[in-house]
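As a basis for the values below, the full set of heavy atoms in this structure was taken, side chains included, without hydrogen atoms, waters or symmetry mates.
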Amino acid sequence: MLRQIGVEGIVTALHHIPNGKVWSQEEVHKMRQYIEDHGLRWSVVESLPVSESIKYGGPDRDQLIENYKVSLANLGREGVKTICYNFMPVLDWARTTLEYPNGDGTSSLYFNKAEFAYFDIHILKRPGAENDYDELTLQRMQELSKQMTPEAEHRLVENIIVKTQGFVNGNITEDDAAPVEKFRSLLALYDGIDAEQLRANMKYFLEAIMPVCDEYDINMCVHSDDPPLQILGLPRIVTCDADIRAFLDAVPNPHNGLTFCAGSLSAGAHNNVPELARKYADRTWFVHLRSCQTLPNGDFREASHLGGRANVIELVRIFEHSLRERGLDTKSLPMRVDHAPLMLGDEKIGYNAGYSFHGRMLALGQVEGVMATVATEA
């Protein structure tokens, strides 16, 4: 099916291997061979997860980093050279609504800041959480509290810490009997860890793995924080221009690069996404093409791949132009469509949140047309 709709390369991972365990060369080879047997290529690993202990600097981090290095080497031996990962503490990506209705009958992912505050303050009961929200958000949350039901609270828990996490090798799965309690225990691991310490831990990790990346010509591409905001009292260190510059400068090896996620970056009103693309094109090794629309009250919704504030058309133009300027093949930079609307019955099939088949097929057609148009400008 993927080949029929124009996909050339596959972005996937060995999801059956628990976080922190070694990806054997045998397992990597099986996946690569499976993909190639269908006439495709394994373009990107997304992701080889970074264990929480590496992020907060636990006593076993050196052993976990050694395991990571072995996995990287096994991927390199099999010719898989682009690795997407994130350094977000505890929570990967956060949304409060997974099926927000659009006017055309489709539905999209949505982040309601007041609902997120309700989860943080009234469900998670994080000490001091109310101090992290502006007055407008707290007022909206109070209005929301008047109509909140146990069913609505359960849905928030599912949306924020279960359904968006479990399928990406996350910390919470649908099998967990007490996800909120487990989530609290994970947050506690970061007590006393501020942004400066998290940056130091990221640098420690990257410096340790760069020799393997150099040996096998592997590009490590950190995914920007999603949303690109400080949440739940956790340090977030890939949210904006200054953050990106800091981690690139901390480890200047060219194999230390960026997954340019236009969707997560565009969810922050502070980010000029095309400007960031121009600035960091030469350290970008993987691109997520999607877009968000920010709202004045702090909410954001996922938009069409041709809409929102990311300006996907201009992004493709920027990256393709940068590749040509550097004498590189435009196919050397994997670009994929990302979260897309539920449409044409997708909601009845049970796809992972954001990853419906028909919605992403539409997005692929849109982006393929953008790329073809940009190619004629060369």
Is Glu275 salt-bridged to Lys279, going by a charged N under 4.0 Å from an acidic O?
no
Kindly compute the distance separating CG (Leu14) from OG1 (Thr12), expressed to the nearest 0.5 Å.
7.5 Å
Distance-minimising heavy-atom pair for Ser51 and Asn19
OG-C, 4.1 Å
Show me, pair by pair, the donor-acceptor contacts under 3.5 angstrom made by side chains of residues 309-318, not counting sequence neighbours?
residue, atom, partner, partner atom, Å
Arg309, NH1, Ser266, O, 3.1
Arg309, NH1, Gly268, O, 3.0
Arg309, NH1, Asn271, O, 3.1
Arg309, NH2, Ala269, O, 3.4
Arg309, NH2, Asn271, O, 2.9
Asn311, OD1, Glu314, N, 3.2
Glu314, OE1, Arg317, NH1, 2.7
Glu314, OE2, Arg278, NH2, 3.1
Arg317, NE, Glu377, OE1, 2.9
Arg317, NH2, Glu377, OE2, 3.0

May I ask you to decide if Gly233's main-chain N or O and Tyr190's side chain share a donor-acceptor pair within less than 3.5 Å?
no
Any idea which heavy atoms bring Asn297 and Thr137 closest together, and the distance?
O-OG1, 4.3 Å
Hey, does the side chain of Trp42 reach the backbone of Val44 with a donor-acceptor pair shorter than 3.5 angstrom?
yes
Heavy-atom closest pair, residues Ile160 and Arg95
CG1-O, 3.5 Å
Considering only heavy atoms from C-beta outward, does the side chain of Leu72 approach that of Tyr216 to under 4.5 Å?
no
Using a 4.5 Å cut-off between side-chain heavy atoms of Ile, Leu, Val, Met, Phe, Trp and Tyr, which other residues end up in the same hydrophobic cluster as Met88?
none
Can you tell me if Tyr85 and His223 form a side-chain donor-acceptor pair at under 3.5 Å?
no
So, for Ile193 and Leu189, which heavy atoms are closest and what is the spacing to 0.1 Å?
CG1-O, 4.3 Å
Does this structure show an ion pair linking Glu196 with Arg199, if we count only N-O contacts that are shorter than 4.0 Å?
no
Val70 reachable from Val28 in the ILVMFWY side-chain graph, under 4.5 Å edges
no
Take Phe319 and Phe260 through the ring pair (Phe, Tyr, Trp, His ring centres under 6.0 Å) test and state the conclusion after the steps.
CA-CA 10 Å; Phe319 287 120; Phe260 193 95; 5.3 Å; yes
Below 4.5 Å, heavy atoms only, C-beta onward: do Leu138 and Ile121 meet side chain to side chain?
yes
Quick one: do the Glu302 and His339 side chains pair a donor with an acceptor below 3.5 Å?
yes
Would you say His321 has more than 12 foreign heavy atoms packed within less than 6.0 Å of its NE2?
no
In short, Lys163 meets Ala353 closest at the heavy-atom pair O-CB, 4.5 Å
Interatomic distance, Leu91 atom CG to Ile231 atom CD1 [nearest 0.5 angstrom]
5.0 Å
No-hydrogen, no-angle side-chain donor-acceptor test under 3.5 Å, Tyr100 and Asn112:
no
Taking Ser356 for its side chain and His358 for its backbone only, find out whether a donor-acceptor pair lies under 3.5 Å.
no
Is there a donor-acceptor contact under 3.5 Å from the side chain of Arg236 to the main chain of Pro227?
yes
Once rounded to the nearest 0.5 Å, what's the spacing between atom CG of Leu75 and atom CZ of Arg77?
10.0 Å
Contact check, side chains of Met1 and Phe357, non-hydrogen atoms, under 4.5 Å
yes
Please examine the side chains of Thr96 and Leu156, heavy atoms only from C-beta on, and report whether any two atoms are closer than 4.5 Å.
yes
Starting from Leu206, can I reach Leu198 by hopping between I/L/V/M/F/W/Y residues whose side chains sit under 4.5 Å apart?
yes
Return yes if some donor-acceptor pair links the side-chain N/O of Arg336 with the main-chain N/O of Leu364 below 3.5 Å, else return no.
no
With a 4.5 Å limit on heavy-atom distance, are the side chains of Thr259 and His288 in contact?
yes
Kindly indicate whether the side chain of Val238, heavy atoms from C-beta on, has any atom under 4.5 Å from the side chain of Ser224.
yes
Quick one: does Tyr355's side chain get under 4.5 Å of Asp338's, heavy atoms only?
yes
Is a side-chain donor-acceptor pair under 3.5 Å present for Glu78 with Asn74?
no
Rounded to the nearest 0.5 angstrom, the CG-CG distance for Asp225 and Asn86 is 7.5 Å
Does the side chain of Phe116 come within less than 4.5 Å of Leu229's, by heavy atoms?
no
Just by distance, with hydrogens left out, do Tyr110 and Asp299 show a side-chain donor and acceptor under 3.5 Å apart?
yes
How many angstroms lie between atom CZ of Phe119 and atom CZ of Arg155, to the nearest 0.5 angstrom?
14.5 Å
Regarding Arg61 and the six-membered ring of Tyr204, is the cationic atom NZ or CZ under 6.0 Å from the ring centre and inside 45° of its axis?
yes
Here the salt bridge (charged side-chain N to carboxylate O under 4.0 Å, His left out) pairs for residues 104-116, sequence neighbours left out, are Lys113-Asp134
Shortest non-hydrogen contact from Leu333 toward Phe286
CD1-N, 3.5 Å
Establish, from distance only, whether the side-chain atoms of Arg32 and His29 form a donor-acceptor pair under 3.5 Å.
yes
